[in-house]
Chemist: 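The structure's right below; bear with me while I get my questions together.
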Amino acid sequence: MTTIRCHKCPQRAVIRMRQHRLALCKDHYPQWFIEQTQRFIEKYRMFTHQDRILVAVSGGKDSLALWDVLWQLGYEAEGLYINLGIGGEFAYSDESQQAAQKFADQRRLKLHIYHVEERRGESVPAIALRTHRGRQKPCAVCGLIKRHTMNQMARQLGFSVLATAHNLDDEVSFLFGNLLSWNLRQIPRQSPVLEAEEGFVRKVKPFIRFSERETAAYSIVRGIEYIEEECPFAEGSKQLQYKDLLNRLEEQQPGVKLRFLLGFFNAMEQGFIHPIEDEQGEVILNPCPSCGQPTSTGDLCATCRLFEEN
Ligand code: Q46
Ligand code: ZN
Ligand code: ZN
């Protein structure tokens, strides 16, 4: 096999990115990756050095890479780990918490931990079982609790921005799934930045243009000790099926995933896709009487309702 050389120096390339027609070595790749992230932050006006950023970390390659990059770029970024209480043969939640903590300690960064069972008295799988919303998988309940907790913690701790490490593969498979079922509510909400609204902090996704392969390569080259295991409930999910399908397409057509996503953002910008209005017109949000977060229900928010049901 012929050795591929770095496009910037004579060293061996550690990654070849066919969609960018670029191959880079162990020194130039992290440098390129960090510069690109800064470019995306500026392009989508995500945040500045004046913002305090809370990074949602799971202990996996994407989120630890994001925290590492923001730290290297000199942003004021702290981490949030939500322990969901997911166990199994591999103690997924506890192991990934340890990985996140170790990462933070090595860099003397602050990690906030929200332990669902300690705070709420039950783990996420137990809540899903009790409310009968997770007979097969607790993912719907898990997603609800994670979104709620991230926003709540960011507000309580005084952060102006919440950053998540969704990558190109996550976004493309999500968009693909939403288009397959013509989920008209979700489609217009997919964006690199969701501006702050009353009761909601600004949400940003700085890695939206990097593939999973690129974030993994960054973590490996930088020696980040991340958890490789996926959550045991992810197995067989639709998202993974779409990712698999889109990766096979990418093999045949390098760059197709990025074109699909950027084409969608372009269509949004040009006004081809509109948010749909509710039949009653504008949705009115009121603070939930229990947690204070905005909700359209006129009563308890969807997360607080989970704890009222038996
Ligand atoms: S939703 Fe489902 Fe994930 Fe929660 S239960 Fe695991 S797979 S962690 S992104
Ligand atoms: Zn090089
Ligand atoms: Zn509530």
Side-chain angles (χ1 to χ4, degrees), residues 3-17 22-33 35 56-63 81-88 90-97 116 119-120 123-129 133-153 155-156 164-167 169-171 173-174 177 199-200 212 217 221 227 229-241 243 285-309:
T3 309
I4 300 171
R5 297 278 157 207
C6 174
H7 285 190
K8 297 193 178 182
C9 77
Q11 291 195 80
R12 190 173 66 83
V14 290
I15 188 165
R16 180 183 174 208
M17 296 166 286
L22 186 63
L24 293 168
C25 69
K26 63 174 191 349
D27 299 319
H28 283 112
Y29 180 62
Q31 207 178 312
W32 174 85
F33 190 89
E35 283 165 12
V57 292
S58 67
K61 61 183 183 327
D62 303 292
S63 55
Y81 178 81
I82 303 174
N83 188 311
L84 306 162
I86 294 171
F90 174 75
Y92 174 73
S93 286
D94 293 340
E95 292 283 344
S96 34
Q97 180 177 326
V116 176
R119 301 271 193 121
R120 302 280 196 169
S123 67
V124 165
I127 298 164
L129 273 179
R133 294 187 193 179
R135 277 200 198 94
Q136 269 103 37
K137 282 177 187 274
C139 294
V141 167
C142 181
L144 192 63
I145 292 178
K146 279 196 286 193
R147 281 193 298 279
H148 185 271
T149 307
M150 286 190 284
N151 190 57
Q152 191 180 36
M153 292 295 284
R155 289 180 64 204
Q156 278 176 5
T164 56
H166 292 95
N167 61 37
D169 297 67
D170 298 325
E171 293 299 311
S173 61
F174 188 64
F200 294 105
E212 221 160 86
V221 170
I227 293 290
E229 279 78 1
E230 296 257 2
C231 168
F233 295 110
E235 204 187 321
S237 70
K238 281 187 186 163
Q239 287 304 313
L240 286 186
Q241 291 172 22
K243 280 185 181 178
L285 295 175
N286 286 307
C288 161
S290 174
C291 70
Q293 293 217 66
T295 171
S296 58
T297 61
D299 191 14
L300 288 177
C301 71
T303 306
C304 288
R305 256 186 286 144
L306 287 174
F307 299 95
E308 293 285 304
E309 290 173 17

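All ligand and atom numbering here is 1-based and tracks the order in the structure. Computed over heavy atoms, backbone and side chain alike; hydrogens, waters and symmetry mates excluded.
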Chemist: Under 4.0 Å between a side-chain nitrogen and a carboxylate oxygen: does that hold for Lys243 and Asp170?
Modeler: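 Answer for the salt bridge query: yes.
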Chemist: Between His148 and the Zn ion (ligand 3), is there a contact where an N/O/S atom of the residue lies under 2.8 Å from the metal?
Modeler: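 His148 does not place any N, O or S atom closer than 2.8 Å to the Zn ion (ligand 3).
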Chemist: Take atom CZ in Arg119; do more than 12 heavy atoms of anything else shown fall under 6.0 Å from it?
Modeler: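 Count over threshold, so yes.
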Chemist: Which atom, among the N/O/S set of His28, is closest to the Zn ion (ligand 2)?
Modeler: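 Of the nitrogen, oxygen and sulfur atoms in His28, the Zn ion (ligand 2) lies nearest to ND1.
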Chemist: Only to 10 degrees, please: what angle do the SG atom of Cys291 and the SG atom of Cys304 make about the Zn ion (ligand 3)?
Modeler: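 Cys304 SG and Cys291 SG form an angle of 110° at the Zn ion (ligand 3).
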Chemist: One residue to check: Lys146. Relative to ligand 1, which of side chain, backbone, both or neither has a non-hydrogen atom less than 4.0 Å away?
Modeler: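 Contact part for Lys146 vs ligand 1: side chain (C-beta onward).
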Chemist: What atoms of ligand 1 come within less than 4.0 Å of a heavy atom belonging to Cys231?
Modeler: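 Every atom of ligand 1 under 4.0 Å from some heavy atom of Cys231: 5 (S), 6 (Fe), 7 (S), 8 (S).
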Chemist: Are any non-hydrogen side-chain atoms of Cys301 and Cys291 less than 4.5 angstrom apart?
Modeler: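 When only atoms from C-beta onward are counted, Cys291 and Cys301 do touch, with a gap below 4.5 Å.
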Chemist: Could you check if a side-chain atom of Val116 sits within less than 4.5 angstrom of a side-chain atom of Ile127, using non-hydrogen atoms only?
Modeler: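 Val116 reaches Ile127 side chain to side chain.
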Chemist: For residues Ile145 and Leu306, determine if any side-chain heavy atom of one lies less than 4.5 Å from a side-chain heavy atom of the other.
Modeler: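 Side chain of Ile145 against side chain of Leu306, heavy atoms only: contact under 4.5 Å found.
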Chemist: Is the Zn ion (ligand 2) less than 2.8 Å from an N/O/S atom of Cys9, whether that atom is in the backbone or a side chain?
Modeler: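 It does: Cys9 brings an N, O or S atom closer than 2.8 Å to the Zn ion (ligand 2).
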Chemist: Taking atom CZ of Arg5 as the centre, report whether more than 12 heavy atoms of other residues, nucleotides or ligands fall under 6.0 Å from it.
Modeler: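 Buried by this count: over 12 neighbours within 6.0 Å.
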Chemist: Provide the number and element of each atom of ligand 1 under 4.0 Å from a heavy atom of Cys139.
Modeler: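 In order of numbering, the contacting atoms are 1 (S), 2 (Fe), 5 (S), 7 (S).
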Chemist: Which option out of Ser96, Ser237, Cys142 puts a heavy atom nearest to atom 4 (Fe) of ligand 1?
Modeler: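 Among Ser96, Ser237, Cys142, the closest heavy atom to atom 4 (Fe) of ligand 1 belongs to Cys142.
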Chemist: Suppose I only count heavy atoms of Ala234 and a 4.0 Å limit; which atoms of ligand 1 are within that range?
Modeler: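 Going through ligand 1 atom by atom, the ones under 4.0 Å from Ala234 are 7 (S).
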Chemist: Could you go through the side chain to side chain contact (heavy atoms under 4.5 Å, CB included) check for Lys8 and Gln31 one step at a time?
Modeler: CA-CA 11 Å; Lys8 297 193 178 182; Gln31 207 178 312; 5.9 Å; no
